Amino acid sequence: SKMNEKPMSFASEMVKAILNGTKSQTRRPFVSDVPSYFDGPICENNVAKFFCNQSNEGIVFTFPFKVGDQIWVRENFYVEVFCETDTVQIYYSDHSHGPIIGYYQDAEPGGSEAVDLALEYGPNDLIHSKKMNRNFSRLTLEITNVRVERVLEISYEDVNSEGFYSVLSELNYESLKTKCDINGASVEFTAKTTGPKLDFIAFWCSIYGIESIERNEWVWVYDFKVVK
């Protein structure tokens with residue numbers, strides 16, 4: 001139902017992998033840290049419970065997304081004005097065309113969201129996914145499973161489900177690794193990781209920072225299927 005529809009942002013390369021049918025899983029960090037002395041978690045009834053037996057403390061996190069939730073995908077995009085038709089149209093980072101979102105004749109700031117975007121961004125300016133609204137989105141997903149694990153616990157099977165066998169040629173990973181200093185500060189965890197798993201880690205660092213990996217933080221693991 002529309003009630004359980006929520007947005008989730010994906011990097012352009014990951015959207016491509018979803019469209020190719022090679023990505024059916026995504027990980028997201030917890031919004032707040034779980035202290036390292038906690039055991040956990042036990043997941044039931046859409047909550048994850050962490051415990052500390054010594055102090056008898058507990059922390060409970062509600063699943064941000066539950067099985068059955070519909071997710072509309074936010075991604076980076078462009079807008080272009082077509083003068084012949086006076087239309088403002090979305091197109092995506094792979095240059096496929098999206099919907100017409102408005103008409104340019106209302107070209108007063110505040111006239112419409114379409115016009116505001118067209119006035120603010122040229123046709124070659126990539127617009128951040130957070131500016132995408134529901135009717136600009138081309139992809140809807142449904143959550144099929146939710147679990148919790150630490151980010152570095154990712155299995156090779158899950159690296160595959162995350163899309164990292166398919167997107168290797170798309171990304172300039174060398175520049176990512178340098179930027180994240182993966183080969184410097186945190187060599188100890190990369191020694192055992194090769195190929196696609198290292199690529200997943202580098203990509204994760206480029207979004208969430210090296211600290212996330214150094215803390216080996218807890219993440220939500222979502223499996224999904226494409227609805228449209």
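Quick caveat: nothing in here was measured; it's all calculated off a predicted structure.
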Item to check | Greater than 12 external heavy atoms within 6.0 Å of Lys130's NZ | outcome: no
Item to check | Non-neighbouring partners of Ser93 that pass side-chain hydrogen bond (donor to acceptor under 3.5 Å, both in side chains), sequence neighbours left out | outcome: Ser12
Item to check | Aromatic centroids of Trp220 and Phe30 separated by under 6.0 Å | outcome: yes
Item to check | Met132 backbone acceptor or donor facing Arg74 side chain under 3.5 Å | outcome: yes
Checklist entry - So, the side chain of Asn216 versus the backbone of Ile213: is there a donor-acceptor pair under 3.5 Å, distance only? => result no
Next on the checklist: Applying side-chain contact (heavy atoms from CB on, under 4.5 Å) to Ile90 and Val79, what does each step give before you reach the verdict?
Outcome noted: CA-CA 5 Å; Ile90 293 281; Val79 289; 4.1 Å; yes
Next on the checklist: Any non-hydrogen side-chain atom of Asn53 less than 4.5 Å from a side-chain atom of Asp39?
Outcome noted: yes
Next on the checklist: Closer than 3.5 angstrom, by distance alone: can the side chain of Ser161 be matched with the main-chain N or O of Glu157 as a donor-acceptor pair?
Outcome noted: yes
Checklist entry - Side-chain heavy atoms under 4.5 angstrom apart, residues restricted to Ile, Leu, Val, Met, Phe, Trp, Tyr: same cluster for Val227 and Tyr222? => result no
Checklist entry - For Gln89 and Thr87, does a side-chain donor sit closer than 3.5 Å to a side-chain acceptor? => result no
Checklist entry - Asn133 side chain to Asn135 main-chain N or O, any donor-acceptor pair under 3.5 Å? => result yes
Checklist entry - Under 3.5 Å, is there a donor-acceptor pair between the side chain of Asn76 and the main chain of Ser129? => result yes
Item to check | Option among Tyr121, Phe10, Phe136, Tyr91 that satisfies the ring pair (Phe, Tyr, Trp, His ring centres under 6.0 Å) test with Phe77 | outcome: Phe136
Next on the checklist: For a 4.5 angstrom cut-off between non-hydrogen side-chain atoms, does Lys225 reach Ile143?
Outcome noted: no
Next on the checklist: If we ignore hydrogens and angles and just use 3.5 Å, is the side chain of Ser137 paired with the main-chain N or O of Val73 as donor and acceptor?
Outcome noted: yes
Next on the checklist: Using the rule that Ile, Leu, Val, Met, Phe, Trp and Tyr join whenever any side-chain heavy atoms are under 4.5 Å apart, tell me whether Val159 and Ile207 fall into a single cluster.
Outcome noted: yes
Checklist entry - Backbone N or O of Pro64 within a donor-acceptor pair of the Lys6 side chain at under 3.5 Å? => result yes
Next on the checklist: In this structure, would Tyr92 and Leu126 fall into the same cluster of hydrophobic residues linked by side-chain contacts under 4.5 Å?
Outcome noted: no
Checklist entry - Under 6.0 Å between the ring centres of Trp218 and Phe61? => result no
Item to check | By salt bridge (charged side-chain N to carboxylate O under 4.0 Å, His left out) - contacts of Arg138 (at least two apart) | outcome: Glu75, Asp94
Next on the checklist: With a sphere of 6.0 Å drawn around CG of Asn56, does it hold more than 12 non-hydrogen atoms of other residues, nucleotides or ligands?
Outcome noted: no
Item to check | Pair Glu5-Gln70, side-chain hydrogen bond (donor to acceptor under 3.5 Å, both in side chains): steps then yes or no | outcome: CA-CA 5 Å; Glu5 264 198 353; Gln70 306 261 306; over 6 Å; no
Checklist entry - Is the CD atom of Glu44 crowded by more than 12 outside heavy atoms at less than 6.0 Å? => result yes
Checklist entry - Do Ser9 and Arg28 meet the criterion of a side-chain donor-acceptor pair at a distance under 3.5 Å? => result no
